[in-house]
Number of protein chains: 2
Amino acid sequence: MDIKTIAAKAGVSIATVSRALNKPEMVRPQTRARIMQIVDEMQYSPNPLAKSLLTGRTYTVALVFPTLRNPYFSQLAEGCEAELSNAGYTTSIFSFEEEISKQRTIFNNIIRRHVDGIILAGSGSLQAGYQQILEGLNIPIVVVEDMPDLDTIPVRAGISCINIDDRQGTQMAIKYFLQKGHREIGIIAGEGQMLLTRRRLEAARSVLKEAGLTLNHIVNGSYISVESGYRGMLRLLDSDARMTAVFAFNDLLAIGALNAVLDRGLQVPGDVAIIGFDDIPLAAYTRPRLSTVHSPSNEIGAYAARMLLEHIAEEKAASTRRRVFIPAKLVIRETC
Amino acid sequence: MDIKTIAAKAGVSIATVSRALNKPEMVRPQTRARIMQIVDEMQYSPNPLAKSLLTGRTYTVALVFPTLRNPYFSQLAEGCEAELSNAGYTTSIFSFEEEISKQRTIFNNIIRRHVDGIILAGSGSLQAGYQQILEGLNIPIVVVEDMPDLDTIPVRAGISCINIDDRQGTQMAIKYFLQKGHREIGIIAGEGQMLLTRRRLEAARSVLKEAGLTLNHIVNGSYISVESGYRGMLRLLDSDARMTAVFAFNDLLAIGALNAVLDRGLQVPGDVAIIGFDDIPLAAYTRPRLSTVHSPSNEIGAYAARMLLEHIAEEKAASTRRRVFIPAKLVIRETC
DNA sequence: CTGTTAGCGCATTCAC
DNA sequence: GTGAATGCGCTAACAG
């Protein structure tokens, strides 16, 4: 059943049917009504493929994520999808996982498929130089968590970034520790090359510096591996450091760390206080309950989607280029 | 840059270019080589939209899930995506969340978009009668976790189901409890209408019956709400039941339950033993560590994708209709 | 083996 | 206001 069928039934040309559907004001009310009735009866709806081929718009957005295994990303994805589907867009997911080799393939595919825009997250895990690729893509992009080279390479119009406010979140956590009297603070970070990591590290350092302290105990793990948080904490514990507090750069790492401390027979927060980052749903259900910096991943996803839709609406002439930071919130529970 | 450009550069007709790409054996090696070289140089790749419009195949699969917020589903999604992208397919996600009204829209969209197949999970949350819709869809479908009405309505060819082996998993859990001497066993289930719930309940009952026992303490929550597990356990605790063991039908519920018991100042497993279901990554990091029935969600997703691809390969004449159960495994940690 | 042609389903000129 | 014709980029007959 296609537009021709409808046109025949209504006794008009396909052009009129098309207009009735897309530019109703251009067709006489009577004919329009007649057409619309038949459209409803037959449950007709134009073939998006044909439409896209003609217009160049697919009403599809690509979500490019490192993985869905990290609850943070799946929450983000959910936020995006909800907002996009509301706007009539379809969401395609591409997870580039460990395999750096897949990344080229993914972007090729995205271009081939003519998606209307891209939401990219976890870009820190992308191979070096991918930013060039993005620049050349010529479709709107929203990057969640910034591009690693953002500070060195200028970004073209139509690319926006949205971040949780790392600095502020980190400051709140570290200041809380200081205020509680902690002087030796350890850090469990994820992948060191990620801009997010660097930003949080820098923020931690600056707060400490203000207090006349330095950051002496830093350990790296992976943001998607609880186990790496566990091992990181063990390393911290085994060093000759005398830390009384540890700030983990996400909740997965924090939960791993928490387990390590407890397994050593130490108390939390008595011997070691812990604060995480993200506030994943399960953070409120660890024992003791995890204190953490709340990052509204769902809302961030929705926000990213809305920014992208704006870019798309600007047509080709996307002149905007925003960079927003979402405020974080410190949630004190039982680990500090 | 389109097929015409390539044809011009190679001094052949567009048909030959098309053939060189799709049916290489039909074109003379020399011309083919010449064409392919230009194709490579210009990084040409046929427009999938045009191709799809003509062939009816989009190389796109729809993932229809209730939510991505439950780690079980995001793991599943990840497994699907990995397998599908390997096969050159793009994965679109549609989460129908709470809103039952969206479900009709989703399926309409899926049809309009001409996806090649559907992977549907959490179907228990779909509105009644949706099975009719699936039957009429005329494309391959793989349902993860069965269709609710599967036992009453026969399913058309081209629809397959894949399940974790609930019965076996449940039996293992309950038998373990019995063997440890527990006689009063409580159940925290998710949504009662889901086939999966009913199957697990039935399995629990039958094991208990063999031992001359009955199932007296059942409470319902929601599979995506930790909090509902917490409250469920509270209800169980407040009843006059003298349970010493509780089987929660997924890990989220179990973790909620665990917290409830501990908050009451009771010991786990001393006062109440707990076993969960799924074995989400964080299950190994609760305190005490959660014992649970392991369900390889990632592999199930990959398996589902492979089954779907097989169906798609069978062309229209899909005559198959499988129903497989993936064996579960009991993982004993510290809560029982 | 290769070129010409006809559509896939639709939006959009341009006439009327 | 409406219809006839054009073409989006491509594959699949059909000829040669």
Side-chain angles (χ1 to χ4, degrees), chain A residues 1-36 38-39 42-60 88 108-109 111-116 138-139 315-316, chain B residues 1-36 38-39 42-60 88 108-109 111-116 138-139 315-316:
Chain A
M1 171 196 36
D2 55 11
I3 199 173
K4 255 185 260 173
T5 325
I6 308 295
K9 291 225 183 225
V12 296
S13 76
I14 63 168
T16 306
V17 176
S18 176
R19 277 191 281 259
L21 255 26
N22 301 309
K23 310 198 167 136
E25 70 282 2
M26 290 185 64
V27 41
R28 181 149 45 105
Q30 300 178 28
T31 35
R32 190 204 317 164
R34 186 156 35 94
I35 292 172
M36 292 314 280
I38 299 182
V39 165
M42 310 208 43
Q43 302 218 60
Y44 167 77
S45 150
N47 183 336
L49 261 38
K51 207 165 179 163
S52 299
L53 183 57
L54 209 49
T55 63
R57 301 196 48 181
T58 53
Y59 289 90
T60 299
N108 279 339
N109 240 297
I111 305 170
R112 288 172 7 98
R113 297 251 179 188
H114 291 225
V115 303
D116 292 342
N138 198 31
I139 51 174
E315 304 291 332
K316 314 283 174 189
Chain B
M1 169 195 39
D2 56 9
I3 200 173
K4 257 187 254 172
T5 325
I6 307 295
K9 291 224 182 224
V12 296
S13 76
I14 61 168
T16 306
V17 175
S18 176
R19 277 190 285 258
L21 255 25
N22 301 308
K23 307 191 172 146
E25 71 282 1
M26 290 185 66
V27 42
R28 182 151 44 108
Q30 298 179 30
T31 34
R32 190 203 317 164
R34 185 153 38 92
I35 293 172
M36 292 313 280
I38 299 181
V39 165
M42 310 207 44
Q43 302 219 62
Y44 167 76
S45 150
N47 183 336
L49 261 38
K51 207 166 179 163
S52 298
L53 184 56
L54 207 49
T55 63
R57 301 197 50 184
T58 53
Y59 289 90
T60 299
N108 279 339
N109 240 296
I111 305 170
R112 286 174 7 100
R113 297 252 179 186
H114 289 158
V115 304
D116 292 343
N138 198 30
I139 52 174
E315 304 290 333
K316 314 282 175 191

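Protein chains get the first letters and strands the later ones, always in sequence-line order, with residue 1 at the start of each.
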Non-neighbouring partners of B:D116 that pass side chain to side chain donor-acceptor pair (under 3.5 Å), sequence neighbours left out: B:T58
Which residues pass the side chain to side chain contact (heavy atoms under 4.5 Å, CB included) test with B:A50, not counting sequence neighbours? A:L53, B:N47
Whole-Å distance, A:E25 CD to D:dT2 C1', equals 15 Å
Those residues at least two apart in sequence (or on a different chain) that pass side chain to side chain donor-acceptor pair (under 3.5 Å) with B:R112 are A:S45
To the nearest 10 degrees, how far apart in direction are the end axes of the helix from C:dC1-D:dG16 to C:dC16-D:dG1, each fit to five base pairs? 40°
Over all heavy atoms of both residues, which pair between A:A20 and A:V27 is shortest? Give the atoms and the distance, please. CA-CG1, 3.7 Å
Atom CZ of A:R112 and atom P of D:dC8: how far apart are they, to the nearest Å? 20 Å
Under the rule for ring pair (Phe, Tyr, Trp, His ring centres under 6.0 Å), what residues qualify as partners of B:Y44, not counting sequence neighbours? none
Rounding to 0.5 Å, atoms CD1 (A:I139) and NE2 (A:H114) come to a distance of 10.0 Å
Under-3.5 Å N/O pairs linking protein and nucleotides 9-11 of chain D:
| unit_1 | atom_1 | unit_2 | atom_2 | d |
| --- | --- | --- | --- | --- |
| D:dG9 | N2 | B:A50 | O | 3.3 |
| D:dC10 | OP1 | B:Y44 | OH | 2.4 |
| D:dC10 | OP1 | B:N47 | N | 3.0 |
| D:dC10 | OP2 | B:I3 | N | 2.4 |
| D:dC10 | OP2 | B:Y44 | OH | 3.4 |
| D:dT11 | OP1 | B:N22 | ND2 | 3.1 |
| D:dT11 | OP2 | B:S18 | OG | 2.9 |

Pairs satisfying side chain to side chain donor-acceptor pair (under 3.5 Å), at least one member in residues 9-20 of chain B, at least two apart: B:S13-B:T16, B:S18-B:N22
Using every non-hydrogen atom in the two residues, find where A:L21 and A:P46 come nearest and quote the distance to one decimal. CD2-CG, 4.2 Å
Have a look at B:S52 and say if it touches a base, only the backbone sugar-phosphate, or nothing, with a 4.0 Å heavy-atom cut-off. nothing
Any residue meeting side chain to side chain donor-acceptor pair (under 3.5 Å) with A:R113, in chain and number order, not counting sequence neighbours: B:T60, B:T90
Heavy-atom contact window of chain A on DNA chain C, given 5' to 3' at under 4.0 Å: C:dC8 to C:dT13
Which residues pass the side chain to side chain donor-acceptor pair (under 3.5 Å) test with A:D2, sequence neighbours left out? A:T5
